[in-house]
Amino acid sequence: MDAGLGSSSDLQSQVEEVEALSAIYGDEWCVIDEASRIFCIKISDDIYEPKWSVCLQIILPEDYPSSAPPMYQLNAGWLRGPDRIKLSNSLEELYLENVGESILYLWVEKIREFLIERPQCPNTVEGPEMGRAVTTEEEDEGSIPDYSALKLNTEQADLFSSSSADEELPPIKHGEAITDRRSTFQPHLAPVVTPKQVQRVIDKLYENKKIASATHNIYAYRIYCEDKNTFLQDCEDDGEMAAGGRLLHLLQILDVRNVLVVVSRWYGGILLGPDRFKHINNCARNILVQEGYTETMDEASRTGGKSRKLKSKKMK
């Protein structure tokens, strides 16, 4: 087949498939970047009372469906180890059985079938959680700082265990996005004074289907405990190795307190290498400056960087 004709035929097939999926799944189907052919869909075991959910992110290459499979990413906090391998294998087997045909509807229903067949554990149902997406970037060469000491200890982790429904939801701010080689990074910020508020903010962010579909949602927070003159702090890579630790390190250097910063990344199919960490930290710094938690670079140079603590916001 002529390459030009094949490309034209593939594009038409993609348009028709996307239109059909949008009609079938309605609001569950989300367009991330139409020009780059990036889409996602949230799939649950039950429409009305979901216990298990997975976000499927898809990138359609130019030669799909004629000769190439879609690139896909499975995002779900609970989907790890054997479960992830089993589901991925079933999707790839399904593609091989239908090479050259549109496959997305079959994939979605296969994932739904997988969720329905999972054991229902009412006593251990997990709430919305940061999706542990597989790493989409090459690991940096050389040593990576050991941030394991920054993780919550057992006593601190217990602060998350009880319900956070009685905690007031802090205001959430959203910063300007940065796009580089089809990857998009966007920061979110909320003032927090308890770990339960951190969880409430994360849960709230995940109610936004575009944020929930991000390849990675990296976060870090610092809470100052005045009575003990110590900090509660933690971070989450969400599959982007060492990104959470680097983000927390930035918060420490800037000496900000009582704040949670989340950076969402939508992967565009092109590896960025170390530049991804630069974008994550730049996003975070920009929103901290925007919300008055730290100085701009110009202000810091004029004051010699000695007044950071004065710029840290305090909760009323």
Side-chain angles (χ1 to χ4, degrees), residues 1 3 6-7 9-22 24-25 28-34 36-45 50-119 129-139 182-183 209 212-217 237-241 265-272:
M1 178 185 291
S7 177
S9 174
D10 282 332
L11 179 59
Q12 183 61 33
S13 295
Q14 290 183 23
V15 169
E16 292 173 357
E17 184 176 21
V18 167
E19 287 177 351
L21 292 170
S22 179
I24 293 169
Y25 297 113
E28 291 181 335
W29 179 261
C30 179
V31 178
I32 302 298
D33 186 337
E34 188 168 15
S36 300
R37 316 301 290 163
I38 305 175
F39 309 92
C40 72
I41 181 169
K42 183 177 181 181
I43 309 161
S44 301
D45 59 338
K51 292 184 175 65
W52 304 105
S53 296
V54 169
C55 183
L56 173 66
Q57 183 175 321
I58 304 146
I59 302 177
L60 301 181
E62 292 182 357
D63 48 355
Y64 166 80
S66 65
S67 56
M71 296 171 61
Y72 72 92
Q73 184 83 39
L74 295 168
N75 295 337
W78 55 268
L79 188 60
R80 305 182 181 95
D83 282 337
R84 179 180 288 277
I85 293 170
K86 178 181 178 182
L87 182 54
S88 296
N89 286 344
S90 66
L91 297 184
E92 288 156 18
E93 289 171 5
L94 196 56
Y95 170 76
L96 292 174
E97 293 169 2
N98 297 272
V99 171
E101 300 176 19
S102 298
I103 195 68
L104 298 184
Y105 175 78
L106 295 178
W107 273 6
V108 171
E109 293 309 310
K110 172 60 74 171
I111 293 170
R112 197 184 308 279
E113 178 184 315
F114 175 84
L115 298 177
I116 291 171
E117 291 176 354
R118 276 189 64 80
E129 182 181 44
M130 290 301 183
R132 314 270 177 176
V134 294
T135 304
T136 52
E137 289 276 2
E138 70 282 3
E139 296 180 13
R182 300 197 305 183
S183 278
K209 63 182 181 180
S213 74
T215 314
H216 309 289
N217 280 298
D237 295 338
D238 193 27
E240 187 71 286
M241 183 175 291
R265 180 196 179 180
W266 292 270
Y267 178 59
I270 299 173
L271 300 179
L272 302 186

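- Looking only at side-chain heavy atoms (C-beta outward), S88 and L74 come within less than 4.5 Å of each other.
- Under the 4.5 Å side-chain criterion, counting only non-hydrogen atoms from C-beta, F114 is not in contact with L91.
- Shortest non-hydrogen contact noted between S44 and P50 is CB-CB, 3.7 Å.
- Here the closest heavy-atom approach between residue V54 and residue A76 is recorded as CG2-CB, 4.0 Å.
- Side chains of F39 and L60 form a contact here, defined as non-hydrogen atoms less than 4.5 Å apart.
- Counting heavy atoms from C-beta on, the side chains of I103 and P70 come closer than 4.5 Å.
- Judged purely by atom type and a 3.5 angstrom limit, W78 uses its side chain to pair as donor or acceptor with the backbone of S53.
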>> Please evaluate residues K42 and S213 with respect to the criterion side chain to side chain contact (heavy atoms under 4.5 Å, CB included), reporting the C-alpha separation (whole Å), side-chain torsions for both, the decisive distance (0.1 Å), and the verdict.
In response: CA-CA 8 Å; K42 183 177 181 181; S213 74; over 6 Å; no
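- Y72 is linked by a ring pair (Phe, Tyr, Trp, His ring centres under 6.0 Å) to W107, counting only residues two or more places apart in sequence or in another chain.
- When atom types are taken as modelled, the side chain of S13 and the backbone of S9 share a donor-acceptor pair closer than 3.5 angstrom.
- Nearest heavy-atom pair, Y64 versus D10, reported as atom, atom and distance to 0.1 Å: O-CB, 3.2 Å.
- For I32 against C40, the heavy-atom pair with the smallest separation is CD1-SG, 3.8 Å.
- Heavy-atom minimum distance, E101 versus P65: O-CB, 3.6 Å.
- Atom SG of residue C30 and atom CG of residue L56 lie 12.0 Å apart, to the nearest 0.5 angstrom.
- Contact of the D33 side chain with the W266 side chain is not registered, since no non-hydrogen atoms from C-beta on lie closer than 4.5 Å.
- Proximity of I38 to Y267: side-chain heavy atoms (C-beta onward) are nowhere separated by under 4.5 Å.
- Here the CD1-CG distance, from I85 to L87, works out to 11.0 Å after rounding to the nearest 0.5 Å.
- In this structure a side-chain-to-backbone donor-acceptor pair under 3.5 Å is present from N75 to A214.
- Residue I111 holds its CD1 atom at 3.5 Å from CD1 of I43, rounded to the nearest 0.5 Å.
- Among I41, L104, I58, the single residue meeting the side-chain contact (heavy atoms from CB on, under 4.5 Å) criterion with L21 is L104.
- Scanning both residues, Q14 and R37, for their nearest heavy atoms gives OE1-NE, 3.2 Å.
- No side-chain heavy atom of D45 sits under 4.5 Å from any side-chain heavy atom of R118.
- Taking OG of S36 as the start and CZ of R182 as the end, the distance is 5.0 Å to the nearest 0.5 Å.
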